[in-house]
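The structure appears below as structure tokens.
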Amino acid sequence: MPTLSPSRFSHVVLQSFDKSRLVEWYGHVFDAEVCYENPFIAFMRYDEEHHRFGFVQLPPIPPGRVEGLVPGLVHVAFAYDSIAGLLEQYGRMKDMGEKPVVAVNHGPTISLYYKDPDRNTLELFVDRFPTVEQCNEFMANEIFSSNPVGYDIDPDAMLSRLREGAPEEELLQYDEELGRSVNVEQLAQRHMGLMSS
Ligand SMILES: [Fe+2]
């Protein structure tokens, strides 16, 4: 039985009205470098972890609107060493009545996003690649640049397959065809909505 505790703390994601300020600040403070950036999000790293920070760009609040999105924490993320560990934890949490609000194969990771009792978002994930070099290679290629979000997964089906004896490599696979077929913007909006409510 794999351990239920994650193997390591991985990263924190913050949202900001000016993500470039955070990129600069954390770059100085941690001697961190940008490893991936698009207009919506920037990832930074400073060691062997594929990213230690994510900075999400908030849209400008329309003039006249008083309430709005607030800069701050988006999620914290903990890594499991194996897909079996992640899926067994999924099964255990399901037995406790806890279901992820979003379950996704991002490409670099397979991630489950939960809400804690205060509605903070907690990401539990497993790396799809054994080394950071392979992960960086994937993030530098066209599959990832055309779809940096990935696609939704069904953790129940994956857990069943695991328990039926499916090899872990199979459960870790990324379906490129599926990755190409999703509407990335729509999916990202949907994830944002589910995670911010
Ligand atoms: Fe994350």
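Counting begins at 1 with the first residue of the sequence. As the structure lists them, so they are numbered: ligands from 1, and atoms in each ligand from 1.
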Would you call the rings of Phe9 and Phe78 parallel, tilted or perpendicular if under 30° counts as parallel and over 60° as perpendicular?
perpendicular
Restricting to salt bridge (charged side-chain N to carboxylate O under 4.0 Å, His left out), what partner residues turn up for Glu98, sequence neighbours left out?
none
Ignoring water, what protein N, O or S atoms are under 2.8 Å from the Fe ion (ligand 1)?
His11 NE2, His75 NE2, Glu123 OE1
Other hydrophobic cluster members with Val102, side-chain heavy atoms of Ile/Leu/Val/Met/Phe/Trp/Tyr under 4.5 Å, chained?
Val101, Val104, Tyr113, Leu194, Met195
Distance-only side-chain donor-acceptor flag, Tyr90 / Asp156, under 3.5 Å:
yes
Do the side-chain N and O atoms of Asn136 and Arg45 include a donor-acceptor pair separated by under 3.5 angstrom?
yes
Test: ring pair (Phe, Tyr, Trp, His ring centres under 6.0 Å). Region: residues 169-197. Which pairs qualify, not counting sequence neighbours?
Phe138-Tyr174, Tyr151-Tyr174
